[in-house]
Amino acid sequence: MTDVVIKFEDVSKQYRLGVVGTGTLSHDLNRLFAKMAGKEDPARKVGVSNKLNVRDGDYVWALRDINFSLNDGEVLGVVGKNGAGKSTLLKLLSRVTAPTTGVIKVKGRIASLLEVGTGFHPELTGRENIFLNGAILGMTKREIKSKFDEIVDFSGVSKYVDTPVKRYSSGMYVRLAFAVAAHLEPEILIVDEVLAVGDAEFQKKAIGKMQSVSKSGRTVLFVSHNLTAVEQLCTRGILLQNGTLLMEGPIHDITSAYKKSSVDETNLKRSGTRLVEMQQYKMTDDQGKEIDELFLGDNFYVEASFTAREAADYADFTLDIRNDSNEFIGHVTNADDLFEIKNIAKGENRKIRVEVKDISFAPGTYYVSLWLGNKYGTFDYIENCMRFTIKQGEKFIRRPFPFDKRAKTVLRSIWKAL
Amino acid sequence: MNTKPLNQQDNWSMILRPKKSLFEVNLAELWHYRDLIAMFVKRDFVSKFKQTILGPLWFIVQPLLTTLMFVVVFGNIAGIPTDGIPQVLFYMTGIVGWNYFSTCLNDTSQTFIKNASIFGKVYFPRLAMPISVVISNLVSFAIQFVFLLGFLIYFIAKGSHVAPGIEILLVPFLVLLIAGLGLGFGIIISSLTTKYRDLVHLVSFGVTLWMYATPIIYPLSEIPEKYKAYVMANPMTPIVETFKTALLGVGSVDYFGLLYSFGFMVVLLAIGILIFNKVERTFMDTV
């Protein structure tokens with residue numbers, strides 16, 4: 001029988017903005033007087049704001065009326081932009097702070113990897129820190145003792161276990177910290193962005209540990225910007241936006257909704273003088289049909305039009321391609337093909353098309369930024385305005401299993417026996 | 001937190017609500033985290049003396065220098081009498097007792113501010129922190145106490161007019177009173193400082209002033225009768241006086257005063273824990 005292990009009922013969290021310090025005493029007295037006079041608390045106008053993250057004076061709702069439940073053994077991905085309320089949700093769950101309204105019910109022990117290495121003391125040795133950190137996370141001395149060897153093995157720092165951790169490299173530090181947390185054996189595990197740290201080998205270990213935790217029937221709450229990892233690990237997801245729960249469902253629905261919202265026109269970061277302004281742009285296949293998905297080795301086209309508000313001698317056009325960790329992966333400019341955009345008259349509208357051949361980035365999600373400008377400055381720069389996914393397929397490489405996530409580009413190779 | 005099941009089906013192990021009732025204090029949970037308290041004590045001790053040459057000797061240097069200063073300033077320049085006790089012993093006894101109180105108060109009063117980063121990441125009963133501070137200060141007190149006993153034996157061997165009495169058996173009780181009072185005041189102040197930082201500035205010199213209101217540098221017998229009531233209202237007075245009686249054999253134990261201190265401590269701790277408990281839930285939003 002599946003059992004609900006986490007339940008959020010109308011949970012909201014309100015924060016006060018600004019510096020708390022001077023003035024708070026008078027502020028509090030103000031509220032007290034209002035209360036005594038039978039008036040509404042001047043600092044809280046709950047009924048007014050139906051819109052979220054709207055400032056009520058100095059107050060802000062970080063979460064608003066969140067309702068969801070999580071069953072035993074599920075791996076839930078929490079997706080949303082910065083400021084959507086992901087961290088607040090985890091903070092409530094890990095009891096760092098209490099909700100303003102609503103109730104959270106939990107069954108079983110929760111361990112949080114909110115920030116690994118909490119409480120590590122630089123002067124203490126690895127061994128001492130394992131005990132300290134374990135105790136902070138709620139383990140008893142006996143529990144830690146029984147898992148000590150396993151923890152040290154997993155972290156791979158066995159040689160340095162009696163060295164103060166201040167002499168550790170940052171990688172060793174993180175590995176040790178994660179190892180402690182990973183051996184907590186809680187019923188519910190909360191993981192927040194820990195995969196961003198540590199080297200690739202360690203990330204693999206960490207993901208493996210999370211998978212084994214979830215396979216052993218325990219519940220995992222995973223928060224990350226890395227959609228590939230989320231899709232890999234999670235079965236269900238929730239999408240947060242400005243403090244509300246936008247969507248709940250199977251993980252692929254959630255990530256695709258998130259991807260769509262993340263290239264939402266209204267949120268585009270755009271800069272430049274706009275003396276020459278980008279009008280329309282789209283990514284197409286060779287038929288001119290708009291696409292957002294292609295296979296390794298495919299060609300794709302970007303069509304863009306721009307209008308000059310002032311005349312310009314010339315302009316350069318570039319595409320920057322970034323992966324979903326925001327790493328700069330590829331760059332294309334008109335100069336690559338000795339193509340020139342010259343003598344643009346005032347009011348003129350031009351249209352160009354660029355073909356990018358034989359895409360060989362590792363399968364995953366990518367974002368394209370468009371830049372239009374010349375050596376005197378930027379006319380128009382639109383960040384991450386197009387998103388596309390590369391699928392492995394069989395055209396470029398024929399390996400029958402997934403491409404290694406750690407590599408960023410795919411090389412073609414031809415093999416023969418000699 | 002609340003461990004009461006809502007109904008037969010729902011066996012929630014934890015229910016998080018906005019407002020906890022004021023009297024819902026979970027001491028059982030604190031007991032569960034006793035290993036953590038032990039680890040914090042160890043951490044404090046180890047980190048304090050790693051990479052110092054003198055190590056734990058520093059515990060002794062501080063009261064020794066303070067005693068010497070008091071001997072010069074209050075004993076010789078100001079000429080304040082010491083009930084016929086050698087000045088060094090008289091001051092040092094007071095200082096060792098007072099030191100434990102003032103370090104407990106000072107250190108625990110910063111619980112929330114100093115530990116904001118760790119409290120912001122992970123949950124454990126917040127009381128574990130100030131309790132561990134009180135215990136690790138107990139270790140330094142013990143070292144200082146042994147040092148004080150060494151001085152005492154030296155002076156007795158020299159034939160000084162001091163005679164530790166049977167009251168020395170009261171010392172553990174006195175230590176408990178000091179720890180309780182320090183902890184109580186400390187956690188109340190730390191709870192208030194999450195909102196009103198002004199208190200931080202008040203505490204350090206407040207404690208110093210308080211010392212002069214306690215018979216540390218002067219014997220209680222020198223206090224004019226009209227001020228005596230005020231000095232006796234200070235819960236530290238009976239403790240320090242008994243401490244001196246126990247070790248130096250002057251005066252007599254004021255059991256009524258001790259009872260007063262004990263009652264004061266119990267009430268203070270109860271209030272302190274309640275306030276602390278309330279603040280710990282949301283202090284992250286204001287710190």
Inset, instruction - Report yes if the side chains of B:Asp35 and A:Met139 come closer than 4.5 Å at any heavy-atom pair, otherwise no. - result: no
Inset, instruction - Find out whether B:Leu36 and A:Ile136 are in side-chain contact, i.e. whether some heavy atom of one side chain is under 4.5 Å from a heavy atom of the other. - result: yes
Inset, instruction - Check the pair A:Leu124, B:Lys42 against side-chain contact (heavy atoms from CB on, under 4.5 Å), reporting the backbone distance first and the verdict last. - result: CA-CA 10 Å; A:Leu124 299 182; B:Lys42 189 177 175 190; over 6 Å; no
Inset, instruction - Just do the side-chain contact (heavy atoms from CB on, under 4.5 Å) check on A:Leu137 and B:Phe124 with the steps written out, would you? - result: CA-CA 7 Å; A:Leu137 296 174; B:Phe124 52 84; over 6 Å; no
Inset, instruction - Could you look at B:Tyr33 and say if it's the side chain, the backbone, both or neither that has a heavy atom under 4.5 Å from chain A? - result: side chain
Legend entry - Segment of B:Arg34 engaging chain A (4.5 angstrom heavy-atom cut-off): neither
Legend entry - Spacing of A:Leu132 atom CG and B:Met39 atom CE [to the nearest 0.5 Å]: 5.0 Å
Legend entry - Closest-packed option against chain B by number of heavy-atom pairs under 4.5 Å, given A:Leu93, A:Val11, A:Thr97: A:Thr97
Legend entry - salt_bridge(A:Arg95, B:Glu29) N-O dist < 4.0 Å: yes
Legend entry - Minimal non-hydrogen separation, A:His121 against B:Ser47, with atom names: CE1-CB, 3.2 Å
Inset, instruction - Please indicate whether B:Tyr230 has more than 12 foreign heavy atoms, meaning atoms of other residues, nucleotides or ligands, lying under 6.0 Å from its OH. - result: no
